[in-house]
There are 2 protein chains.
Amino acid sequence: MEKTFKIGELALQTGCAVETIRYYEREGLLPPPARSSANYRLYDEAHAERLMFIRRCRSLDMGLAEIQQLLALRATPDGSCGGVNALLDRHIEGLAQRIAELESLRRQLLDLRSLCHETLTAKECGILHGITAGSA
Amino acid sequence: MEKTFKIGELALQTGCAVETIRYYEREGLLPPPARSSANYRLYDEAHAERLMFIRRCRSLDMGLAEIQQLLALRATPDGSCGGVNALLDRHIEGLAQRIAELESLRRQLLDLRSLCHETLTAKECGILHGITAGSA
DNA sequence: AGAAACCCTGTAGCAGCTACAGGGTCAATA
DNA sequence: TATTGACCCTGTAGCTGCTACAGGGTTTCT
């Protein structure tokens, strides 16, 4: 006999909100669990493990679609893991791009900020003029 | 006589999609323009300038609420520009935090990636195991 | 028995758009 | 003149990844 537990307990175990678990089920990331006679969801260890996997992927900023792919790859243990490697590479590349973008933004904002050090009136403020002129 | 133009022309001038312009109006970032007899929106130069300001702020990744504040500050040209400076400082700080987060993620992903260099079967893949074990 | 704590479904909200559907208007061409 | 095509209008739904209800049923504790 496997031990089963209700959604609140699964939420505690995994640090995932109850409503998020139901959301993952709706989105097809978690398979629909068994139901009790009162229609309560009954989970087992396999669900808990799968949910932890999902949460770790999310903490690595992967999207739900990417996670779906990883779960699918994981579900065929004798298949090649080339897809896993490729997915991670793409994800890392995406992150690097986003970081570069944000850094460029930060530099632009620092430049803009340097246009007004004192507190003047708005009409004299170098920042407002800088945005309006727009070297960005 | 001021020259006026329709929404499509404003979109071309500013590089902003027509539906985005209507969206900004709904959100109160752009004042409702005059209308032609056929109920078409009629814009003038002031609208175009304001929209360019908004677009430049967006390109600096500011949120619409932040932009609202800047527009309000700009609208009182004799008021102090201290609020502008503070807003920019907050925004720059937020960016710096987000960059740090993403860089930490990237390092974690690179670590994970290093667990599988060859193409193995999924069940042997160090990455899948790494996610499951979860040092993140 | 009654109240608190849990569970259910379904829907709406967040940001900042984008993409329709289903209509009206206008200019130019055949 | 009729019709095509390009434009405009409103209103609504979709995207991502949840979160927060409302309005009910169930279980558990006292």
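The sequence lines fix the lettering, A, B, ..., with proteins before strands; numbering per chain opens at 1.
Separating the CG atom of Leu12(B) from the P atom of dA6(D) is a distance of 15 Å, rounded to the nearest angstrom. In this structure, Tyr23(B) places its OH atom 18 Å from C1' of dC20(C), rounding to the nearest Å. For the pair Glu25(A) CD and dC7(C) C1', the interatomic distance rounds to 13 Å; values are reported in whole Å. Separating the CD atom of Glu27(B) from the C1' atom of dA15(C) is a distance of 9 Å, rounded to the nearest angstrom. Taking atom CE on Met62(A) and atom P on dT16(D), their separation rounds to 17 Å, with Å as the unit. Spacing between atom CG of Leu42(A) and atom P of dC7(C) amounts to 11 Å, rounded to whole angstrom units. As rounded to whole Å, 13 Å separates atom C1' of dC17(C) from atom CD1 of Ile21(B). Note: CD (Gln68(A)) to C1' (dT16(D)) measures 14 Å, nearest angstrom.
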Tabulated below should be each protein N or O lying under 3.5 Å from an N or O of nucleotides 9-11 of chain C; please produce it.
unit_1	atom_1	unit_2	atom_2	d
dT9(C)	OP1	Arg35(A)	NH1	3.4
dT9(C)	OP1	Arg35(A)	NH2	3.1
dT9(C)	OP2	Arg41(A)	NH1	3.0
dT9(C)	OP2	Arg41(A)	NH2	2.8

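Within residues 44-52 of chain B, no residue approaches DNA chain D, by heavy-atom distance under 4.0 Å.
At distances below 3.5 Å, at least one donor-acceptor pair connects side-chain atoms of Asp44(A) with backbone N or O atoms of His47(A). His91(A) places a side-chain N or O within donor-acceptor distance of the main-chain N or O of Leu60(A), the cut-off being under 3.5 Å.
Relative to the side chain of Leu64(A), the nucleotides dC17(C), dG17(D), dC8(D) differ in distance, and dG17(D) lies closest.
Annotation: of the two residues near DNA chain C, Tyr40(B) and Gly63(B), the 5′-most nearest-nucleotide partner is Gly63(B). With DNA chain D read from its 5' end, the first of the two nearest nucleotides for Lys6(B) and Ala65(A) is the one closest to Lys6(B).
Salt bridge present: Glu19(B) and Arg22(B) bring a charged side-chain N and a carboxylate O closer than 4.0 Å. Taking a cutoff of 4.0 Å between a charged side-chain nitrogen and a carboxylate oxygen, Arg106(A) and Glu103(A) do not qualify as a salt bridge.
OP1 and OP2 of dC8(D) both lie 4.0 Å or more from every side-chain N or O belonging to Ser36(B). Look at Tyr24(B) and you'll find a side-chain N or O under 4.0 angstrom from OP1 or OP2 of dC17(C).
Between the side chains of Arg55(A) and Tyr24(A), at least one donor N or O sits under 3.5 Å from an acceptor N or O.
Taking the side chain to side chain contact (heavy atoms under 4.5 Å, CB included) definition, one finds that Glu49(B) meets it with Thr132(A), Arg74(B), sequence neighbours left out. Under the rule for a side-chain hydrogen bond (donor to acceptor under 3.5 Å, both in side chains), the partners of Glu124(B) that lie at least two apart in sequence or sit in another chain are Thr121(B). Scanning for side-chain hydrogen bond (donor to acceptor under 3.5 Å, both in side chains) contacts around Asp111(B) gives an empty result, with sequence neighbours left out. Residues that satisfy the side-chain hydrogen bond (donor to acceptor under 3.5 Å, both in side chains) test with Arg90(A), not counting sequence neighbours, are absent from this structure.
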